Protein chains: 2
Amino acid sequence: MSSEHTLNCESTDHQMVSVIKRSDDVIEDTASLFSALGEVSRLRLLELLFDGPRCVSELAHETEQSMSLISQRLKILHQARLVNKERQGKHIYYSLSDEHIVQLLNNAFDHVEEHK
Amino acid sequence: MSSEHTLNCESTDHQMVSVIKRSDDVIEDTASLFSALGEVSRLRLLELLFDGPRCVSELAHETEQSMSLISQRLKILHQARLVNKERQGKHIYYSLSDEHIVQLLNNAFDHVEEHK
DNA sequence: TAAACAGTTTAACATTTGTTTAATTGTTGA
DNA sequence: TCAACAATTAAACAAATGTTAAACTGTTTA
């Protein structure tokens with residue numbers, strides 16, 4: 001890509017190119033989003049949610065890990081707006097926040113699978 | 001999404017649902033990819049590369065940071081296959097690896113900008 | 001070939017992050 | 001209301017990560 005860009009960079013006198021910059025807020029939130037996605041165990045949790053909503057004890061049971069651990073991971077995913085919470089009696093159900101996120105994840109998985 | 005899924009979870013007897021799992025390798029590489037994207041300064045670097053290839057000294061100059069720092073950040077981005085390296089005489093030019101990545105980034109930025 | 005420049009690597013340090021265990025909050029049903 | 005269950009929180013700790021400064025490698029050109 002971008003193969004038509006000139007590569008003229010002689011000594012330290014670089015010509016400044018004005019780039020359209022995203023706002024600090026957007027960059028920070030995007031970094032948080034990616035950061036939340038950047039861990040194997042959280043990615044596995046999201047993978048389980050692909051199949052539909054799950055409560056904390058279900059996820060703990062399915063992954064054979066403590067509820068505390070699962071809860072803390074879900075908190076990070078929730079803060080990054082990757083999952084929704086919904087209380088249903090004693091249980092709290094977590095689900096993927098929207099179709100956007102499903103697509104983002106599948107894109108990333110597919111991209112990685114291609115480059116193998 | 002997934003609003004038609006049943007939420008019947010009584011006591012701890014959860015019914016197991018067989019989910020199609022991605023391989024450990026794919027999950028790990030995807031986590032690395034997201035992890036590399038999950039930091040403000042690296043995201044800013046990628047943003048600069050949206051405009052075309054840049055060498056380390058250019059990026060250091062434009063961001064007013066040390067070449068060492070830029071070089072280390074680029075290394076992480078390169079290891080995650082987010083950017084390509086190409087030597088051109090004294091300079092090493094970095095560029096976004098492919099259009100897939102451009103789309104992934106723009107998707108994420110747009111998603112964050114929407115939810116504000 | 002040696003000086004100058006571009007880039008990378010290393011080691012040390014501070015900060016952040018993930019996990020464990022135990023205590024705490026919230027909800028239901030006997 | 002209180003016992004039992006579901007989930008969250010807090011504190012302590014280990015591991016991973018980002019930054020700085022200095023040493024090092026690679027390339028050009030005088």
Side-chain angles (χ1 to χ4, degrees), chain A residues 7-14 27-28 31-46 48-49 53-80 82-95, chain B residues 7-14 27-28 31-46 48-49 53-80 82-95:
Chain A
L7 294 182
N8 51 339
C9 166
E10 282 311 310
S11 75
T12 46
D13 52 291
H14 303 303
I27 294 282
E28 276 164 36
S32 298
L33 182 116
F34 282 134
S35 188
L37 292 168
E39 221 246 353
V40 171
S41 50
R42 286 195 294 266
L43 233 36
R44 284 282 184 215
L45 232 34
L46 290 171
L48 289 173
L49 297 181
R54 293 278 188 289
C55 64
V56 183
S57 53
E58 278 178 314
L59 293 168
H61 186 246
E62 290 182 43
T63 61
E64 296 178 295
Q65 287 175 311
S66 72
M67 286 222 307
S68 168
L69 198 45
I70 302 298
S71 176
Q72 289 176 84
R73 287 178 186 153
L74 287 169
K75 190 183 184 184
I76 289 166
L77 294 174
H78 188 249
Q79 282 171 342
L82 287 160
V83 298
N84 292 326
K85 286 173 90 152
E86 193 190 347
R87 174 146 238 150
Q88 213 93 17
K90 245 190 276 196
H91 296 271
I92 297 176
Y93 283 86
Y94 285 86
S95 55
Chain B
L7 296 182
N8 51 337
C9 167
E10 282 312 308
S11 75
T12 46
D13 53 293
H14 302 302
I27 293 283
E28 277 164 34
S32 298
L33 183 114
F34 283 133
S35 188
L37 291 169
E39 220 246 352
V40 170
S41 49
R42 286 195 294 265
L43 234 35
R44 285 283 185 211
L45 231 35
L46 290 172
L48 288 174
L49 297 181
R54 292 278 187 289
C55 63
V56 183
S57 53
E58 278 178 315
L59 293 167
H61 186 246
E62 289 182 42
T63 61
E64 296 178 295
Q65 287 175 312
S66 71
M67 287 219 311
S68 167
L69 199 45
I70 302 299
S71 176
Q72 289 176 85
R73 287 178 187 152
L74 288 169
K75 189 184 184 181
I76 289 167
L77 295 174
H78 188 249
Q79 282 171 342
L82 287 161
V83 297
N84 292 326
K85 284 174 90 152
E86 193 191 345
R87 173 146 238 151
Q88 212 95 15
K90 247 189 276 194
H91 296 271
I92 297 177
Y93 282 87
Y94 285 87
S95 56

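Values below: all heavy atoms of this structure, side chains included; hydrogens, waters and symmetry mates excluded. Below, chains carry the letters A, B, ... as their sequence lines are ordered, and counting in each starts from 1. Model, not experiment: these values are computed from the prediction.
Here dT20(C) presents its C1' atom at 12 Å from CZ of Arg73(A), a figure rounded to the nearest Å. Between Lys75(A) atom NZ and dA6(D) atom C1' the separation is 17 Å, expressed in whole Å. One atom, CG of Leu74(B), and another, C1' of dG18(D), lie 15 Å apart when rounded to the nearest Å.
Distances were taken from every side-chain heavy atom of Met67(B) (C-beta onward) to each of dT9(C), dA6(C), dA6(D); the shortest belongs to dA6(C). Taking every side-chain heavy atom of Cys55(A) into account, dA7(D) is the closest of dA7(D), dT19(C), dT21(C).
For the pair Ser32(A) and Ala80(A), the tightest heavy-atom approach, listed with the atom from each and the gap, is O-CB, 4.2 Å. For the pair Ser35(B) and Arg42(B), the tightest heavy-atom approach, listed with the atom from each and the gap, is O-NH2, 3.2 Å.
Remark: Ser71(B) is in phosphate contact with dT8(C), judged by side-chain N or O atoms under 4.0 Å from OP1 or OP2. Phosphate proximity of dA4(C) to Lys90(B): absent, as no side-chain N or O sits under 4.0 Å from OP1 or OP2.
Residue Gln72(B) is classed as a base contact, given a heavy-atom separation below 4.0 Å to a base. Among the heavy atoms of the strands lying under 4.0 Å from Leu69(A) is at least one base atom, whether or not backbone atoms are also near.
If you check distances only, the side chain of Ser68(A) never reaches the base of dA7(D) with a donor-acceptor pair under 3.5 Å.
Applying the side chain to side chain donor-acceptor pair (under 3.5 Å) rule to Arg73(A) yields the partners Ser41(A), Gln65(A); only residues at least two apart in sequence or on another chain are considered.
Nearest-nucleotide mapping onto DNA chain C: of Ser35(A) and Ser66(A), the residue sitting toward the 5' end is Ser35(A).
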